[in-house]
*Asks:* 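Take this structure first; my questions come after.
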Amino acid sequence: MAKSADQKTNNQEIAVMGAKVHNLKNISLNIPKNKLVVVTGISGSGKSSLAFDTIYAEGQRRYMETFGAYARQFIGDMERPDVDKITGLSPVISIEQKTTNKNPRSTVGTITELYDFFRLLYARIGEAYSYNTGKRMVKWSEEQIVNDILEKYAGQKITILAPMIRGRKGHYRELFEDIRKKGFLKVRVDGEIQDVVAKMQVDRYKVHDIELVIDRMEVSDELRTRLSQSTQQGLKTGKDLLFILVNDTNKLVQYSKMLMCEDTGISYEEPSPNSFSFNSPYGACPTCRGLGTTYSINMDAVIPDRTVTIKDGGIVPVGEERDAHIYKQVQALAKKNKIPLNKPIAEIPEKLLNLILFGNEGGDVTDTDYDQYQYDPQAPFEGVVNMLNRWFHGNTTENIKEWAEQYMQTQTCESCGGARLKKESLWFKIAGRNISELSDMNLDNLAAWLDGIELRIDNRQKTIGKDILKEIRERLQFLLDVGLTYLALSRTSRTLSGGESQRIRLATQIGSQLRGITYILDEPSIGLHQRDNHKLIQALQSLRDIGNSLIVVEHDKDIMLAADYLIDIGPKAGIHGGKVVAEGLPKDIVKLDTITAGYLNGSNKIETPAVRRKGNGKSLDIKGATGNNLQNVSVSFPLGKMIVVTGVSGSGKSTLINETLYPILSQHAYKSKQAPLPYKSVKGLEHIDKVIEIDQLPIGRTPRSNPATYCGFFTDIRTLFASLPEAKIRGYNAGRFSFNVKSGRCEVCEGGGMRVIEMNFLPDVYVPCEKCNGKRYNRETLEIRYKGKSIADVLEMTVEDAVQFFQPVPYIYRKIKVLEEVGLGYITLGQSAVTLSGGEAQRVKLSTELGKRDTGKTFYILDEPTTGLHFEDIKHLLHILTQLVEKGNTVLVIEHNMDVIKMADHIIDIGPEGGDGGGQVLFEGTPEKLVKVKESHTAMYLKTEL
């Protein structure tokens, strides 16, 4: 029986009909399935509205509808996107940039599940070594233990002990009663042998070691049977652990059926995968609890200036002289010990100062169990440091913890050295390496180490580990295929860029080998050097080839040309966009007369400047930067120029700029507490008075935030309305025209313009407020009009309209005009911040800076500002950056985009590779000189642009 045309369409195409989400103009299109489809267009044209807010939202909604009404009330329902019909949609998975896990326990290894396979590998074939002697540990049988006791302690009197409690608090009344009922007569409590008596108990707040006395005997061959029975009983009671107390010397010897060191007697438990997990109490370092870092008191924050007296607030947490409990405690302590509170802290003897800081003359931090702490007003003053530790680590409120945190600093855990695991776990090795050492390797080095692993392990290990190693190699290869060779499994997920986390998830999806899925990706090329682009394209194609559909929102030229099908949304942004400008094969699209086609075929391009700017002759010099993979880098930043820092992914750009340079400048300009990564010296700070980092984070996290409030000119507009004659007659001030203040806003929707109607089994519905019809203000406020427009009408204006409207008011016109100049003429003044894309948010921030008066000594730092920007938007961006530089400022951009790199006055190229193979400055100078550097990967691609 022949299939109908509609069935055929469902199998081969995703048909979208009448999409009207956000700015989409009722568009309909057919997207081929099982193909690599790229959606492109100017920033704000409607690409994400089509891919994520329409196709993905509908796919997600359909999945949620498979749950029953009872389940949906707990997980919430999805709102139906504004589209007439979507057919042919298979299950949808979205791989966005915003889904990075910020949990400090989340790492590359845990996200990709590679670390889980390594945990299993170490639990099954890892070899245990003694942390005391470094020798291989062995498992002992009961017979071997008996023979060893007979050999070593012949003729000596011993006590056989079975450990019951090791290093724990409690009164253990029930345990002693149970021991008594079983007929045992003696126990060893905290090193002292005692008789077991009725109602026996110990101090519940102290840490105890309790062992059961199994037998006391003189070791001889005649008593071998008794020794064997007592050993068996001891191992059974002590859960495979046994202590022998040599009576004459009081020496305690440990025996175990588990892994044991023959020389020192220490033993390890049988390993399980949890023994190597820093998220499990069985594997985590007890000091840092698996985080690898600990908090300690930062004395420079507690006493920032030793020339100040205690009375004047020299010890910051105590504060100045006042009627407060803590100050009274310090006052009483000072009076008792004759500590001068009106002398500079530098002149107070160390022992006396220690009394205030630590509660003792020795300067010792009290080892307190913060959870069990009981406040006693009669107790001696504990000291400021101990108090801060207790407030930060103990059972206190979040506000108190946040307050105490400002006096804390993070440092690498001394117990585990940042490895996160307890010491026993770190002494299990495979081919001489522990699991932490493997986690710290770059992925390409890890792959090389795994290549020859079979030659370095025995046959038993090969047989057991064969399947686990196969799984590890496959998953590792997927990560290498998407260009993440420079990452390590121990790298925390919160330090990953949006593009890196997206490519990790992409590699994980390829590894899952799912078929028949529609994947929607948001600019996976972010943060990827041109050299690695072909790896990403191959990864996308392999995901397609196993039977999946890929819809990729992208601006990268190489990915566009490698697509099976290209959809161009436009023609412009915002209200001027939302239409399908072109769709078809890339080879056909490049022949058309569209903005995108012009950049693809070379008829429209960003021209290289004829002359590079000379700068102001001053420079900022950093010497000896060694953070992360930087190899003692010294670099000079010429001021008054546009500097571009480039290099392959993972080469050390962000380490040098975001984690070393920016904190140095921030400390200089704003006394910031953020500490830069290690460096030797810096020169030239006197030439800079402001540093501004412009990222793509949202300008606000609530719908109430908008460009007008962020840029600051809404305050001027409100002041203008308050100065109108009618407003003065009524006594309205500027606050009356704020939708966040009670007097003038609509009280039904509280200035939100929308009301939320809660539906029990259906998604919440947002409807315009029936009182103000979405205007946000009450009737009296809306009666005040400027040139016929109310304050609500002004918020509804696009930037283009507002520029014309406010032309007679220079102080408002100037700020709105800048928004138009950065290419945001299409957004409305009151547009919700949460609806702005990353590129739009960044340009709003840029326009805010452009609207300010500058001193010409400002240092701007932008990290990949081309993210989310079309070629045409990049042209606008470069125009803005040029304006900033021409005012005498310095603009530094971390970038991979060749259009930005070729416009630089000065390039700093870092490399040559990522991770351990990077961290060196390959080149400093103009783009024309960079192309001659053979070892630079950037030079190879820049040649074709100049």
Side-chain angles (χ1 to χ4, degrees), residues 412 418 440-442 444-445 485-488 491 495-497 500 527 529 531-532 615 618-639 641-668 672 674-688 691 693 859-864 890-896 900-901 904-927 929-939 942:
T412 303
D440 289 339
M441 283 184 181
N442 288 350
D444 51 356
N445 293 341
T485 56
Y486 57 91
L487 291 182
R491 174 90 172 259
T495 65
L496 298 171
S497 69
E500 284 169 341
H529 193 271
R531 181 197 68 164
D532 299 319
K618 295 166 185 168
S619 69
L620 178 72
D621 304 320
I622 290 179
K623 288 189 176 175
T626 54
N628 295 336
N629 67 332
L630 294 181
Q631 298 179 25
N632 200 24
V633 163
S634 294
V635 64
S636 180
F637 301 95
L639 303 180
K641 290 187 179 184
M642 179 168 144
I643 306 166
V644 174
V645 179
T646 186
V648 298
S649 308
S651 57
K653 303 182 298 296
S654 296
T655 299
L656 177 63
I657 306 305
N658 297 337
E659 298 180 65
T660 307
L661 174 66
Y662 176 67
I664 290 171
L665 293 174
S666 194
Q667 282 182 348
H668 163 70
S672 162
Q674 184 187 352
L677 291 178
Y679 69 98
K680 284 179 185 169
S681 64
V682 61
K683 273 169 49 179
L685 288 174
E686 66 276 8
H687 306 311
I688 294 161
V691 57
E693 189 177 35
F859 200 106
Y860 294 92
I861 295 175
L862 295 91
D863 192 352
E864 290 197 66
T890 306
V891 173
L892 186 148
V893 183
I894 302 173
E895 193 54 83
H896 292 120
V900 176
I901 294 170
D905 302 314
H906 185 83
I907 290 179
I908 298 168
D909 192 31
I910 299 177
E913 301 296 332
D916 293 343
Q920 301 172 44
V921 174
L922 296 179
F923 172 81
E924 295 179 72
T926 61
K929 289 179 181 173
L930 172 61
V931 295
K932 296 171 186 172
V933 180
K934 289 179 183 175
E935 60 266 32
S936 168
H937 293 292
T938 306
L942 189 59

*Asks:* Answer yes or no: is there a side-chain heavy-atom contact under 4.5 Å between I908 and L892?
*Replies:*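 Not in contact.
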*Asks:* What distance separates D909 CG from K929 NZ, expressed to the nearest 0.5 Å?
*Replies:*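 Taking CG in D909 and NZ in K929, the distance rounds to 15.0 Å.
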*Asks:* With T938 as reference, evaluate I901, V644, V931, L922 under the side chain to side chain contact (heavy atoms under 4.5 Å, CB included) test and give the passing residue.
*Replies:*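 Considering I901, V644, V931, L922, a side chain to side chain contact (heavy atoms under 4.5 Å, CB included) with T938 is found only for I901.
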*Asks:* Taking side-chain contact (heavy atoms from CB on, under 4.5 Å) as the definition, give me every residue that meets it alongside A939, ordered by chain and number, with sequence neighbours left out.
*Replies:*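 Residues passing side-chain contact (heavy atoms from CB on, under 4.5 Å) with A939: L930, S936.
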*Asks:* Ignoring hydrogens and angles, write down the donor-acceptor pairs under 3.5 Å from the side chains of residues 654-661, residues two or more places apart or on other chains.
*Replies:*
from	atom 1	to	atom 2	distance (Å)
T655	OG1	N628	ND2	3.1
N658	ND2	D863	OD2	2.9
T660	OG1	T655	O	2.8

*Asks:* If you look at every heavy atom in H896 and K653, which pair is closest and at what distance?
*Replies:*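 So the minimum-distance heavy-atom pair works out to NE2-NZ, 3.4 Å.
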*Asks:* Could you pull out all donor-acceptor pairs under 3.5 Å where a side-chain atom in residues 677-685 meets a protein atom, sequence neighbours excluded?
*Replies:*
none

*Asks:* Counting C-beta onward and ignoring hydrogens, is there a side-chain heavy-atom pair between Y662 and Q674 closer than 4.5 Å?
*Replies:*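 SC-SC contact between Y662 and Q674 confirmed.
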*Asks:* Between side-chain atoms of residues 910-920 and protein atoms elsewhere (two or more places apart, or another chain), which donor-acceptor pairs fall under 3.5 Å?
*Replies:*
from	atom 1	to	atom 2	distance (Å)
E913	OE1	R531	NH1	2.5
E913	OE2	H937	NE2	2.9
D916	OD2	N445	ND2	3.4

*Asks:* Taking side-chain hydrogen bond (donor to acceptor under 3.5 Å, both in side chains) as the test, write out the residues that go with T646, two or more places apart.
*Replies:*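 T646: no side-chain hydrogen bond (donor to acceptor under 3.5 Å, both in side chains) contacts found.
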*Asks:* Kindly give the heavy-atom pair with the smallest separation between D532 and S649, and that separation in Å.
*Replies:*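 Distance-wise, the nearest heavy atoms are OD2-OG, 4.3 Å.
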*Asks:* Between atom OG1 of T890 and atom OH of Y860, what is the distance when rounded to the nearest 0.5 Å?
*Replies:*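 The OH atom of Y860 is 10.0 Å from OG1 of T890, to the nearest 0.5 Å.
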*Asks:* Among all residues two or more places apart in sequence or in another chain, which pass the side-chain contact (heavy atoms from CB on, under 4.5 Å) test with S636?
*Replies:*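 S636 satisfies side-chain contact (heavy atoms from CB on, under 4.5 Å) with S619, D621, E924 only.
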*Asks:* CE/M642 to CG/L862 distance, rounded to the nearest 0.5 angstrom?
*Replies:*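 Here the rounded value is 9.0 Å.
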*Asks:* Just to verify, what does T626 make a side-chain hydrogen bond (donor to acceptor under 3.5 Å, both in side chains) with, not counting sequence neighbours?
*Replies:*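 Not a single residue meets the side-chain hydrogen bond (donor to acceptor under 3.5 Å, both in side chains) criterion with T626.
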*Asks:* Decide side chain to side chain donor-acceptor pair (under 3.5 Å) for E500 and Y486; before the verdict, give the C-alpha distance in whole Å, the side-chain angles of both, and the deciding distance to 0.1 Å.
*Replies:* CA-CA 11 Å; E500 284 169 341; Y486 57 91; 2.6 Å; yes
*Asks:* Are side-chain heavy atoms of L665 and I688 found at a separation under 4.5 Å?
*Replies:*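 Yes, side chains in contact.
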*Asks:* Output all residues satisfying side-chain contact (heavy atoms from CB on, under 4.5 Å) with K618, sequence neighbours left out; order by chain, then residue number.
*Replies:*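 Partners of K618 under the side-chain contact (heavy atoms from CB on, under 4.5 Å) test: N616, L639, H687.
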*Asks:* Below 4.5 Å, heavy atoms only, C-beta onward: do S634 and I622 meet side chain to side chain?
*Replies:*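 Side-chain contact under 4.5 Å: no.
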*Asks:* Under the rule for side-chain hydrogen bond (donor to acceptor under 3.5 Å, both in side chains), what residues qualify as partners of D905, not counting sequence neighbours?
*Replies:*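 side-chain hydrogen bond (donor to acceptor under 3.5 Å, both in side chains) check on D905 returns R613.
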